[in-house]
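The first residue in the sequence is number 1, and the count goes up from there.
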Amino acid sequence: MATDTAAPAAMKVDGSALAGRALAAAGARHMFGVVGIPVTSLASRAAAAGVRFLAFRNEQSAGYAAAAYGFLTGSPGLLLTVSGPGCVHGLAGLSHATANAWPLLMVSGSCSQPDAGRGDFQELDQIAATKPFVKIAVKATTIADIPRLVFQALAATVSGRPGGCYLDIPSDVLHQTLTESEAAALIDAAAADSAKSDSSPPKHKSLDEGIEKAAELLRRAERPLVVFGKGAAYSRAEDAIRKLVDTTGIPFLPTPMGKGVVPDTHPLSATAARSLAIGQCDVALVVGARLNWLLHFGEPPKWSKDVKFILVDVCEEEIELRKPHVGIVGDAKRVVELINREIKDQPFCLAPSHPWVEAITKKARDNVLKMEAQLAKDVVPFNFLTPLRIIRDAILAEGNPAPVVVSEGANTMDVGRAVLVQNEPRTRLDAGTWGTMGVGLGFCVAAAVAEPDRLVVAVEGDSGFGFSAMEVETLVRYQLPVVVIVFNNNGVYGGDRRSPDEITGPYKDDPAPTSFVPAAGYHKMMEAFGGKGYLVETPDELKSALSESFRARKPAVINVIIDPYAGAESGRMQHKN
């Protein structure tokens with residue numbers, strides 16, 4: 001009897017099981033990746049501990065899924081890769097997360113420590129490889145390190161500006177063992193140490209002063225503008241920003257993934273009057289958005305040379321880099337709530353008849369009417385506008401909760417941004433700060449597991465789709481409610497667009513670098529794995545496919561044939577190509 005009682009304490013727990021348990025104890029609920037030597041057992045053990053593992057066909061897509069999961073949930077996305085080349089493939093998602101300020105922890109197996117430096121299987125200095133893309137990169141050198149480093153790395157992903165972190169677990173460490181009681185004690189100690197850490201954001205010494213200055217600048221401005229980005233969406237600042245807009249009457253402008261923080265249909269939206277708004281505003285409150293290329297660096301000629309920026313960012317270095325008139329370091333939601341409180345003491349509101357508001361709303365209304373006139377036409381063979389209008393209407397008809405829209409491509413994403421409507425926060429995922437192509441299917445999986453009550457609709461260019469198209473099998477395997485719409489225009493930007501002087505030399509008969517197989521049967525890929533495929537060329541065919549696939553909420557690909565000459569080279573970035 002005494003032997004039976006002692007047996008559980010003497011049972012052995014290996015590094016894979018300990019890592020899985022530590023991740024679960026730290027709050028992880030989903031993990032994305034590709035298994036193989038030496039992490040196959042880690043994936044299974046994590047799943048047994050309560051962390052759902054979503055197995056992908058490629059680490060890049062898995063990494064993009066983990067990155068988007070971090071944005072959608074506010075909790076770190078987890079990416080699991082094998083050693084060497086698997087780690088290198090994972091760098092795509094890891095770097096994308098850091099570039100977009102989304103929390104992600106990449107966990108990779110690595111070669112056995114005693115064999116390091118001797119040409120071991122898939123040997124790579126993975127700490128050095130990941131360091132340029134992460135906040136911290138740590139390595140477990142013994143099994144006892146695992147729980148502490150799991151908690152440390154996960155906490156680092158969300159502290160300050162969110163971003164990627166890396167945890168390296170060598171093969172020999174994954175095979176080391178300890179007893180059940182030792183494992184439990186290590187996890188408990190790591191959890192206790194993590195709980196002792198103050199996770200609340202520090203109060204910056206100039207916060208109160210910055211709030212007062214911001215409120216006063218907005219109050220005195222003649223042409224104020226509120227700009228918000230995906231950082232505001234990440235921080236769940238939608239209620240605070242909506243309150244600010246409604247109580248002050250200030251027009252607002254979202255960046256692409258900030259769309260929906262305040263509904264696109266709100267009367268104070270300046271999206272359709274963007275050039276006027278940024279070109280003539282005299283005070284701009286910028287919340288959770290960086291003054292990078294997406295906002296023309298906050299510089300003339302797009303912006304007025306006299307504009308005064310109030311920049312709210314969680315990262316002090318960003319404030320120092322941009323040198324705004326007023327810089328406030330803090331979480332977007334918290335700072336806007338404080339600005340609202342400050343304004344409440346001396347309230348003000350721009351009436352609809354205010355010259356600035358009137359100018360913005362008139363310009364926006366005029367531009368919307370022009371766009372709607374173009375959208376009203378049924379153009380066949382399809383241009384971009386006709387199918388996007390049909391897709392927009394089908395998505396809006398879904399009501400609440402609104403579908404998550406995933407968008408990538410050149411023309412497809414650029415035109416879609418102007419046509420598709422977001423009325424709820426965190427319902428648009430696109431190429432982001434880096435303009436990354438290949439994110440689509442990974443983002444779809446992340447959205448489906450992070451937002452299980454929502455339909456996921458991907459609107460993809462055929463080039464963007466091609467980066468991750470094999471993940472349609474992943475959609476089918478997990479039976480995720482994802483409808484992928486491929487705008488098929490025969491290639492990058494739309495097939496062969498070479499000038500005559502470019503079609504010379506010994507390889508002039510080769511396909512153009514931008515060309516794909518004409519009218520490729522992308523829908524048949526989905527059918528090959530048991531999903532539903534549609535080929536559409538007319539408005540009625542597209543409406544029928546959308547109605548049926550949305551109703552079914554099963555994996556589907558709708559292959560939309562587009563006129564190859566309908567779009568522009570590089571979308572709206574021709575000047576950089």
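- By the 4.5 Å heavy-atom criterion applied to side chains, V557 and V486 are counted as neighbours.
- Of the possible donor and acceptor atoms, none in the side chain of T427 sits under 3.5 Å from a partner among the backbone N and O of P403.
- Within the 4.5 Å cutoff, the side chain of V262 has no heavy atoms near those of the E238 side chain.
- For the pair L167 and V150, the minimum side-chain heavy-atom distance is below 4.5 Å.
- Counting only distance, with no hydrogens or angles, the side chain of E337 and the backbone of A240 share no donor-acceptor pair below 3.5 Å.
- Separation of atoms CZ (F443) and OH (Y69) is listed at 15.0 Å; rounding is to 0.5 Å.
- Between the side chain of T248 and the backbone N or O of L244 there is at least one donor-acceptor pair closer than 3.5 Å.
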Problem set entry | Intermediate values then yes/no, side-chain contact (heavy atoms from CB on, under 4.5 Å), L253 and V226 | CA-CA 6 Å; L253 178 69; V226 177; over 6 Å; no
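- Nearest heavy atoms, S463 versus V492: OG-CG2, 3.6 Å.
- Proximity of E548 to Y534: side-chain heavy atoms (C-beta onward) are separated by under 4.5 Å at one or more points.
- Not a single donor-acceptor pair under 3.5 Å links the side chain of S269 to the backbone N or O of T265.
- Side chain of S159 to backbone of A156: a donor-acceptor contact under 3.5 angstrom is found.
- Of the listed residues (V415, T412, N559), just one forms a side-chain contact (heavy atoms from CB on, under 4.5 Å) with F487, and that residue is T412.
- Judged by distance alone, with hydrogens and angles left aside, the side-chain atoms of E358 form no donor-acceptor pair with the main-chain N or O of P352 at under 3.5 Å.
- The heavy-atom pair separating K543 from I390 by the smallest distance is CG-CG2, 3.6 Å.
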For this session: Quick one: do I391 and L546 satisfy side-chain contact (heavy atoms from CB on, under 4.5 Å)? Show the steps, please.
Result: CA-CA 8 Å; I391 294 165; L546 291 169; 4.0 Å; yes
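- At distances below 3.5 Å, not a single donor-acceptor pair connects side-chain atoms of R29 with backbone N or O atoms of V51.
- Taking a cutoff of 4.0 Å between a charged side-chain nitrogen and a carboxylate oxygen, D239 and K243 do not qualify as a salt bridge.
- Contact record, P555 with L475: CG-O, 3.3 Å, taken as the closest heavy-atom pair.
- Between R161 and D313, at least one side-chain nitrogen of the basic residue sits less than 4.0 Å from a carboxylate oxygen of the acidic one, meeting the salt-bridge criterion.
- A salt bridge is defined here as a Lys NZ or Arg NE, NH1 or NH2 lying under 4.0 Å from an Asp or Glu carboxylate O, and R477 with E473 meets this definition.
- Residues K362 and D366 are paired through a salt bridge, judged by an N-O separation under 4.0 Å between the basic side chain and the carboxylate.
- Shown here for V286 and A289, the closest heavy-atom pair between the two residues is CG1-O, 3.3 Å.
- Below 30°, between 30° and 60°, or above 60°: for F71 and Y234 the angle between ring planes is below 30°, a parallel geometry.
- With rounding to the nearest 0.5 Å, the separation of SG in C444 from CG in L480 is 9.5 Å.
- Among pairs with a residue in residues 454-470, those fulfilling salt bridge (Lys or Arg N to Asp or Glu O under 4.0 Å) read E424-R454, E451-R454, at least two apart in sequence or across chains.
- Looking only at side-chain heavy atoms (C-beta outward), V449 and L54 come within less than 4.5 Å of each other.
- No donor-acceptor pair closer than 3.5 Å links the side chain of E408 to the backbone N or O of V459.
- Atom CG in L104 sits 10.0 Å away from atom CG in L154 (nearest 0.5 Å).
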Exercise. For T386 and D378, what are the C-alpha separation, side-chain angles and deciding distance, and is it a side chain to side chain donor-acceptor pair (under 3.5 Å)?
Worked result: CA-CA 6 Å; T386 297; D378 277 345; 4.9 Å; no
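- Here the CG atom belonging to L105 is positioned 8.5 Å from the CG atom belonging to L79, to the nearest 0.5 angstrom.
- A side-chain donor-acceptor contact under 3.5 Å links Q479 to the backbone of V476.
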For this session: Run the numbers on K230 and T433 for side chain to side chain donor-acceptor pair (under 3.5 Å), then give the verdict.
Result: CA-CA 10 Å; K230 60 181 177 291; T433 302; 2.7 Å; yes
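- The heavy-atom pair separating V406 from G440 by the smallest distance is CG1-O, 3.6 Å.
- Taking 4.5 Å as the limit, every side-chain heavy atom of L78 sits out of range of all side-chain heavy atoms of H30.
- If you take CZ on F133 and OH on Y166, they are separated by 13.0 Å, rounding to the nearest 0.5 Å.
- Looking at L396 and V421, their side chains come closer than 4.5 Å, going by heavy atoms from C-beta outward.
- F252 meets the ring-ring contact (aromatic ring centres under 6.0 Å, His included) test with F228, H266; sequence neighbours excluded.
- Taking every heavy atom of both residues into account, L207 and V329 meet most closely at CD1-O, 4.2 Å.
- Here salt bridge (Lys or Arg N to Asp or Glu O under 4.0 Å) pairs that include residues 520-531, with residues two or more places apart or in two chains, number zero.
- Residues F384 and D414 fail the side-chain proximity criterion, which asks for heavy atoms closer than 4.5 Å.
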For this session: Begin with the C-alpha distance, continue with both residues' side-chain angles, and end with the deciding distance and a verdict on side-chain contact (heavy atoms from CB on, under 4.5 Å) for V483 and I558.
Result: CA-CA 7 Å; V483 177; I558 302 175; 3.8 Å; yes
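- The neighbour count for R428 CZ, taken as heavy atoms of other residues, nucleotides or ligands under 6.0 Å away, is above 12.
- Using modelled atom types and a 3.5 Å distance limit, the side chains of S547 and R551 yield a donor-acceptor pair.
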For this session: Evaluate side chain to side chain donor-acceptor pair (under 3.5 Å) for R365 paired with T361, printing each intermediate quantity in order.
Result: CA-CA 6 Å; R365 183 171 59 250; T361 53; 4.6 Å; no
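- In this structure a side-chain-to-backbone donor-acceptor pair under 3.5 Å is missing from D264 to N423.
- Taking CG from L80 and CE from M31, the interatomic distance works out to 5.5 Å, rounded to the nearest 0.5 Å.
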Problem set entry | side-chain contact (heavy atoms from CB on, under 4.5 Å) assessment of V357 paired with L268 | CA-CA 8 Å; V357 176; L268 289 170; 3.8 Å; yes
